[in-house]
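So the structure is just underneath, and the comments pick up after that.
Quick caveat: nothing in here was measured; it's all calculated off a predicted structure. When reading the values below, keep in mind they use all heavy atoms of this one structure, side chains included, and skip hydrogens, waters and symmetry mates.
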Amino acid sequence: MKSTHKNINKVKKFNLLINYLEYLKKIKVISRLLANEKKLKFNIQISELYLRRGTAYYELKEYDKALKDFKTAIKYNSNCALAYYNLGTIYVSIKKDYNQALDFFKLACKLNKYLIEAHISIASIYRFRKEYSIAIEILDRAITIDQSDANAFYNRGLAKMEGYLNWEDAINDFRKFIELTPPHDSWISYANYYISYMENRLKKRYFYKINKCISKIKSCLSVNDKDITHYTGVSTLKILIFDESNFRLSEGNFLNDSSEGNELFKFLDSENTLFSKSSLERVTVKPFIGSFVTSSNNDDLNLWRFYGKDGGVDAKGCSITIDRLHFLNKLIDSIDKDDEGYNSPKDDIGFYYVAYFNQKYNTFTISGDKKSNNLNQLMRKLRRLVQKCNLLDATDKFLLQDLLSIAFLFKNNIFENEQEIRILTNSDSFERKFDLNLLPPKIYIDLIPLKNFIKHIQFGPKVDNFIDWNTSIYYAYNCKPPSIELSKLPYR
């Protein structure tokens, strides 16, 4: 609270100064008293005041006011590199307009090549776009300018690690970051985690190659659909809308379900000689998953039968169509950021298409997608790499952990008509919780409230009191409510 009061006081102070100087300019006192050179200095002083007030507004989370002040600062001083940098920060962290942010950051660097934060921000955007070589090149320049900037080393380590370009150099970058960083900085734990992660996998070179292949498989399965649909019970809908509860993901535990997770291992180990139940049980940290379908399947007979239930009764549930992109951006924003406002790759979370395995033809398909050929090439490569392991290596906990990170993205082709999409995360940023109403207790994590991302609600064909539901949901929203319909499908 002290910092908030301090920022409010800053705003009040800068308001007084700005109003006074603007008044002098308006009545043309400045024009009569100052020579051209002094006028320029005067404008730079006004620019500095807007810059400082904008920074205070930013810290108060009054982003529109901050944005306006930074633009006014540039109006008075077009060479104000810090104002361009601050604009870029708003366009990254608030507006999610990475192209515009990139333009602002580049202008900041052009005006002040010693503004290392701008170089790091440019590199972070290229990292976000998976253009790792460009990111590394930019960070190389930043480190040449200032070899004492810890964050430049940290971000270069991330780019090398994520792009699988040179893990040995990435380890050295993280070690340099630790050397330059105060010992109690919380990001040292991330650096140590990455060092350990890479060192353990570099001990056997094919672990490194397997990780690189898994990364490409996830990119191939990554979802681009703007809207996606989740089937659930009306009792859950009530909790999500009226209680504004967080959306919940359950821990994947395919060992209790013969259909979950096994398809990947069947493909990788058709002779059933590499992986065993006992070896898989050694991996205690499993991903958390949630199930969705394409928005075109928001009213489907089979899905009403299997997933659109309430109280165990088919077709008495509902389907909820959400804005995937806005939900994901808000979810990522809820996770702790580094100093530049970017998430750690350790907090990987995303939406992926489920790939369906046809055992007869030994191939995978992605429903409604044209990337299946590329996926099958990657899957065959992954199998070759895994089968190079001997029995001891195949049960290595690091290899099993890496494979489990994608195991829940593969199902048998008998489920292909579902066109399922899954949200999946291995993030440690969410607290593990237990549902004690189930035996054994179910492990889950809470994400963020879903209410404000819902665009459409489709009630199942057997839902009672539809008019009451429609009216109550309408009044539960302060702004525009989602569209609501009752399924007309002839369900028996």
Test side chain to side chain contact (heavy atoms under 4.5 Å, CB included) on Ile122 and Cys109; report intermediate values, then the result.
CA-CA 9 Å; Ile122 293 170; Cys109 284; 3.7 Å; yes

Drop me the distance from [X]'s [atom1] to [Y]'s [atom2], to the nearest 0.5 angstrom.
X      : Y      : atom1 : atom2 : result
Ile44  : Leu51  : CD1   : CG    : 12.5 Å
Thr229 : His456 : OG1   : NE2   : 8.0 Å
His230 : Ser291 : NE2   : OG    : 7.5 Å

Under 4.5 Å between any side-chain heavy atoms of [X] and [Y], yes or no?
X      : Y      : value
Val92  : Tyr98  : yes
Ile239 : Thr232 : no
Lys176 : Glu179 : yes
Val293 : Asp300 : no

Between Phe327 and Asn452, does a side chain to side chain contact (heavy atoms under 4.5 Å, CB included) hold up when you go through it step by step?
CA-CA 9 Å; Phe327 174 74; Asn452 292 331; over 6 Å; no

Can you establish whether the number of heavy atoms outside [X] located under 6.0 Å from its atom [atom1] is more than 12?
X      : atom1 : value
Gln147 : CD    : no
Lys226 : NZ    : yes
Lys451 : NZ    : yes

Between [X] and [Y], is there a donor-acceptor pair closer than 3.5 Å when you use the side chain of the first and the backbone of the second?
X      : Y      : result
Arg422 : Phe408 : yes
Gln387 : Leu268 : yes
Ser372 : Ile366 : yes

Candidate pair Tyr84 and Leu111, rule side chain to side chain contact (heavy atoms under 4.5 Å, CB included), full reasoning:
CA-CA 9 Å; Tyr84 284 111; Leu111 292 167; 3.5 Å; yes

Test side chain to side chain contact (heavy atoms under 4.5 Å, CB included) on Asn262 and Phe410 and set out the steps.
CA-CA 8 Å; Asn262 277 338; Phe410 302 93; over 6 Å; no

Using distance alone, with no hydrogens and no angle criterion, decide if [X] and [Y] have a side-chain donor and acceptor under 3.5 Å apart.
X      : Y      : answer
Gln458 : Thr321 : no
Asp225 : Tyr353 : yes
Tyr307 : Glu418 : yes
Asn200 : Ser196 : yes

Looking only at the aromatic ring of each residue, does the gap between the centers of Tyr126 and Tyr132 stay below 6.0 angstrom?
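No, too far apart.
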
Identify which one of Arg53, Glu62, Arg52 satisfies the side-chain contact (heavy atoms from CB on, under 4.5 Å) criterion when paired with Asp69.
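Result: among Arg53, Glu62, Arg52, Arg53 is the only option passing the side-chain contact (heavy atoms from CB on, under 4.5 Å) with Asp69.
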
Can you label the angle between the [X] ring and the [Y] ring as parallel, tilted or perpendicular, going by 30° and 60°?
X      : Y      : value
Tyr194 : Tyr190 : tilted
Phe357 : Phe267 : perpendicular
Phe351 : Phe292 : perpendicular

Single hit among Lys212, Arg201, Lys218 for salt bridge (charged side-chain N to carboxylate O under 4.0 Å, His left out) with Asp402
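The residue from Lys212, Arg201, Lys218 that satisfies salt bridge (charged side-chain N to carboxylate O under 4.0 Å, His left out) with Asp402 turns out to be Arg201.
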
Can Lys95 be said to sit on top of Tyr91's aromatic six-ring, NZ or CZ under 6.0 Å from centre and within 45° of the ring axis?
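Yes, a cation-pi geometry.
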
